[in-house]
Structures are given as C-alpha cells and as structure tokens.
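Sequence lines set the chain letters: A, B, ... in the order given, protein chains first and strands last, and positions in each chain run from 1. Only heavy atoms go into these numbers, but all of them, side chains included; no hydrogens, no water, no symmetry mates.
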Amino acid sequence: MLQWIFLIGLLALLASAYKIGTGTALGRASATGERLHSLPGYYGAYTVLWAAFPALVLIAIWAILQGGLIEGIIVSELPEKLRVLPENELGLVMNDVRNIAAGAFGTGDDVDPAVKAAAMHLRSLEDMSSWAMLAAALAAAAAGLFLARKRLEPEFRARNQVERIVMWFLMGSSTIAILTTVGIVLSLLFEAWRFFEQIPPLDFLFGLEWSPQTAIRDDQVGSSGAFGAIPVFAGTMLISLLAMMVAAPIGLFAAIYMAEYASPRFRAIVKPVLEILAGIPTVVYGFFAALTMAPFFREMGDLLGFDVASQSALAAGVVMGVMIIPFVSSLSDDVITAVPRSLREGSYGLGATKSETIRKVIIPAALPGIVGSLLLAVSRAIGETMIVVMAAGLSANLTGNPFEAVTTVTVQIVTLLVGDQEFDSAKTLAAFALGLVLFFVTLILNVIALHVVRKYREQYD
Amino acid sequence: MSAVTKEQAAATDTTAPVSALPKMKGRKVCVHYGEKQALFDVDIDILDKQVTALIGPSGCGKSTFLRCLNRMNDVVDICRVSGDVTLDDGDIYDSKVDVVHLRARVGMVFQKPNPFPKTIFENIAYGPRIHGLAKDKTTLEETVEKSLRRAGLWEEVKDRLDQPGTGLSGGQQQRLCIARAIAVEPEVILMDEPCSALDPIATATIEDLIHELRENFTIAIVTHSMQQAARVSQKTAFFHLGKLIEYGDTEQIFTNPKQEKTQGYITGRFG
C-alpha cells in the first residue's frame, strides 16, 4: 500500500517537474529580458525527462539485481547442514523459503525452524529493498530535476534537446523489436544445436521416417525414435499447395471482379464481408474442416470410388485455402485499384475490351503486388497450425496423395511440446529443430518475394 | 492580340485547303456529369485530313467534347451524353455500334504519356494484336517499325525495342503513345493536351509530327497553348463555360475573331 503512495509521489514529482521547468525558464527569461530559445513547454518537457529517466533506469537495474543479491544473503545465513547440500537440493530448500515468505503454505510445525527463520528474514529483506528502491528512485528523480533546472537558461536549446531524446526513444523501440527477433532466433539455434548433438543433421534433413517417440527408460521397448523430417515437410508442402490452389485463383478472380466490374456500392459491402473471413478464429475453421469438410470429402470419395481417409490433406488444404482467400483478394484488390487510370484509358482508347485491358495491361502492371499477396498467403499457409491439427492428422505419411492423412511441421511442433515434457530429450528438442527449419523456409520465401517484387518494379514503373 | 501569335497564325495557315469534307460531326452535343451540365449544345465539324484545335480556359468542356468523339466518356459512370456525333455520317452513339470498333477507328493520345508497363515493341504491338491486324510475326514487326517511323521514334529506339517503354524520356514516351495509336490504323486521332507534360523541345518535335500525320489522319487536338493551336491547326474552336463560342479557320480566329469573348481570351484578358 505504501509503495503505491510512493509511486503516486513519484508521478506527482514528474508532473511538478513540468511546471517547475516551464516556470523557471519563463522566470529567468523575464529576469534577464532575453527571449526564450524554445517554447516554454519544451523546457518543462526537458525537466520531466531528466527527472524520469534516472529514476526509471535505477528501478530497472534494482529490480534486475535485487533477486540475486537477497538470495545470496539468505543462502549465506542458512545453517551449515543446509548450505552444503548439492545445488539442486539447495534449490528446493530455497523454493520452500520463498513460498513460506510469500505466505503460500507450510507455516505449520512440520517446517524446519531454520527454513522458517530464513523465510522471515527474506521477507524483511525484500520489504526493505523495495522501500530503499523507491526512496532511491525518488531521490534520483529529485536530483535529475535539480540538475536539469540549473541548465534552464533562456538561450538553452531545450527544443533541440527534447527532439534528440525523442529520437533516442524511437531508436530504442525499434532496437527492442530487432533484439526480440534476434533473441528468438538465437534460442531456436541453441535448442536446435542440442538436438543436433544427439541426431545428425543429415539424418534429420533427409531422413524419410518420422516417429519421434524415444525410450524414456532403458528397459522400454518399441520406441526407438526416428527423426527424418522429410515426411513432415512434404506434408506441409502438400497442404500449402492445396490451399494455394484454392486461394490463388478464387482470391485473384474475386479481386478482379471487385476492382474492375463491381459497382462501388457492391464493393463497399462485399469487401468488408470478405475481410470478416480473415477474422474467423482458425479453431473455428479447424472444426469446420474436421467435422464438415472431411466427412463430405470421404463420402464424395466413396461415391466416386476413391479411398479418402477420414483425416485427409484435402479437407485441411481446402479449408485453409478458404481461410487465406481474403489475404489474396484484399491485397490484390488494393494493388489492382492502384493501377493508374491513365493506363486503363490508354488501353480502352486503342479499342481494347475490358477483359483484354485487365489481362494484358492491368494484371501485368499490378503483378508485383499480386505476387507479394500470394507469397504472404503462402507463408500464412505454411505457418498455419490449428486447422491442420484438427483436420489433417498426425501420421507422418510420405505421400503426394491428397486423400491420405499427412502431418505438417506445425502440427508436429504442437504435439511434441504439448503436455508434460522433459526438455532434454531428442523428442522435445526436435520441435526446435523443426521450428528452425520452418523459420529458414519462410525467411527464404520472403527474400524471394522481395526480389521478385523489386525486379518487376524496375520493369513496370 | 500579340504580334507573335498573329505572325505564326499567318505563317502556318497559308496551306490550309478550303474545302475539306467533315469526317466527324457533332450536333447539339450535351454532356452531364451527374446533375451538373458540362457541355451545352455544341455543333462542330472535324474536317477530314485537317487539324482541328479545341481551345479555351480550364474546365470549359474542350476535353469533355473530345472524349465524346470516341465515347471515352462511357468509362465514367456518372457521365451522360446527348445529341448526335457522327463518323462518316454514321451515329457513333447508335446502340448497334461496337465501341471497340469505334475506338479502333478513332484513336486517342492522352495528356500524360501513359505507355503500358511493357517493352517498347509490346506497347506498339498491343493494338494490332487485340484487333487481329497482324497475321504473323513478320507483319507484326513491320507494323511496329512502320508505326515507330511515322511517329519519328524509330531511329531512337530501334536498338532497344525489348526495353520497357516506361524507361524512355517524357517526349519519347508521348511519341511512343502516338505510335501506339497509329499502329491500329485509325482514321481519326484525338489528342488531349499531348504536350502539356513536355518541355519545349519535345513539344516542338510533337508539333512537327502532327504536321506530318495530317497527310494521313484527321486530327482533333485539345490544347492550353494558343500559340500551339495557331502553329498546328487549320480549324479552331473556342470553348467557354461549356459552350462553343466560336468556330472557324485558325487564321481568322487568331487575327479577326468575331466574338468578343474569343478576342478577350486570345489576347490574354482572361482564362
């Protein structure tokens, strides 16, 4: 509770820093008769930034260091018999200490008094630390305020300084985005590295058999584990191909109709409706695929004399295709509409019909954007998980037959990591290797997309 | 009236034939954009193998009238055209007329050069292809070369026919568009301010080209520049606020206008 009051005090200090900054600058300007270099508000903002920044940095550093330091103190004060325990058992004891300190459980008589004492000490240390942190933050804010106030002469370029701080702030934001990506890639790389220590990369990349069940105990039989990823990737490719065979023509034709033929009123209604398709949760598509489309395809197969599995690549692929139609149609519609009117009139002026104009002038001119929308749809299809989990099955068949059940990379990652899993067996680590390869595939797709778009842009602008 | 304009008008119009037949006729042409009337009862003859210039201040309806001549206004949803427009005495707004055939006979060059995002060759070959004018590759190549020669562009582009038409300079692009229009062998070419996006040198080239094209084609040109109208045309029509104010020989319009408004416009008192 008192911490909240402290925080409110800090905010109040920052608010008053604005007033103080503005007031000081105006006061000094009128005292010397000089004109302020910047608008008064900039002096206020400058003061606020100087008060807030040290306090926030201090809180952040304190929060990072506090845990380790306090734990060190507690461990060093534990009685001899507990302190010499091996690391993982010591960890368990420390868990107890933390839980008791948080008041979670074990305040009864069955607890070791030493642990209890350590817990009490931990709680008091943590209390003290957070008090000290808030006090230090307040002091830092006040010091920053004081230092900034000293610089607020009328000729001081507060506006330029504030602009520069804003730039650093923006740069920091973009850096966070980049660092997150780098972090994810690195964690993928490290985990995949641990996997490849157990399974040779060549076996993984070119193996034709996928059955990731490994023996947990030495005496277990029957689960040898095979980590050939080809069937899994073949499944992904098959389903993505099926999805694109549905989405590319339908999406493109819908886009052409909306952009070129439909009346503005029709377009204004239909385009948002199509975009609703993109807003349906993929789980809903998933059970639509599993419960409606799959039985439909199986019955159709029976009727026509094909043997269609109850969980078929076809059902998953077709439903996924329907899901990504809006990606293709909406983006293609935008690029087609963006083709300059002068090109259309030029073609009409030569006596071309509407469809000739669309085929020979508008589509070629809009091609970079269309290719971009298709590639975006492909990466959506490759990364899509829920529909395939529900409709495509788990068996890793290496097949090109869309009537059979196949599995995909994303489905395997899900099944490998769902539930209680130990994170050091080849089985779970395989998920990271799959993720890594998937990441590279989509990366390469994006690079190709950029290249295609750039090449055509040179030609068509 | 400036001395320059007078001299130019006198210089160019010495060869104007007196009795050319009308190729296209507009009678009581009215155009509405939605509720707003843009053109009021316009009567003009576009004479065969002559250049007819349409001049007037911005928004006077000269481009609108030009676009009636090959029904380009059909493309605009809210546009309604009434009155009669004839080509060789056939009504072009008749329901039996296929607008595609009409536009093959009445070609158009636009204000801004608008080459297609294709190679130079494909730009020219586009029209002949969609109208089935070239039976085989050799005839198509001949058509392309002939069109480019007539547009005075052949020497500049003959070595790079496979490069994008959009890579040419503005003046070259406009001549490419003219070549594209004449590749379909139209009878009439409509030009909607063809030089307004070009520099003076490119403009001069296009104007020379218009002189040459007059031997084979009937031309109607909209222009903002009165000097240009005086230089290239034999007949001039002056529009103001959607009405045709005066129509006559270019020399007469520029030296001895009958209407006060025409006088005012060409001497630069308004517009």
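Cation-pi geometry between A:K360 and B:F116 is not met at under 6.0 angstrom from the ring centre and within 45 degrees of the axis.
The part of B:P115 that comes within reach of chain A is its backbone (N, CA, C, O), which places non-hydrogen atoms under 4.5 angstrom from that chain. Residue B:V106 touches chain A through its backbone alone, counting heavy-atom pairs closer than 4.5 Å. The part of B:Y126 that comes within reach of chain A is its side chain, from C-beta onward, which places non-hydrogen atoms under 4.5 angstrom from that chain. Neither the backbone nor the side chain of A:R344 comes within less than 4.5 Å of any heavy atom of chain B. Heavy atoms of B:R180 lying under 4.5 Å from chain A belong to its backbone as well as its side chain. Contacts between A:S263 and chain B at a heavy-atom distance below 4.5 Å are absent for every atom of the residue.
Taking the six-membered ring wherever Trp is involved, the centroid distance between the rings of A:F266 and A:Y257 falls below 6.0 Å.
In terms of heavy-atom pairs under 4.5 angstrom with chain A, the leader among B:H131, B:R71, B:K112 is B:H131.
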Inset, instruction - Take B:T223 and B:S225, measure what side-chain hydrogen bond (donor to acceptor under 3.5 Å, both in side chains) needs, and give me the verdict at the end. - result: CA-CA 5 Å; B:T223 175; B:S225 146; 4.5 Å; no

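A donor atom on one side chain and an acceptor atom on the other are found under 3.5 Å apart for A:S332 and A:S373. Between the side chains of A:T353 and A:E356, a donor-acceptor pair is found at a separation under 3.5 Å.
The side-chain heavy atoms of A:V437 and A:V409, taken from C-beta on, include no pair separated by under 4.5 Å.
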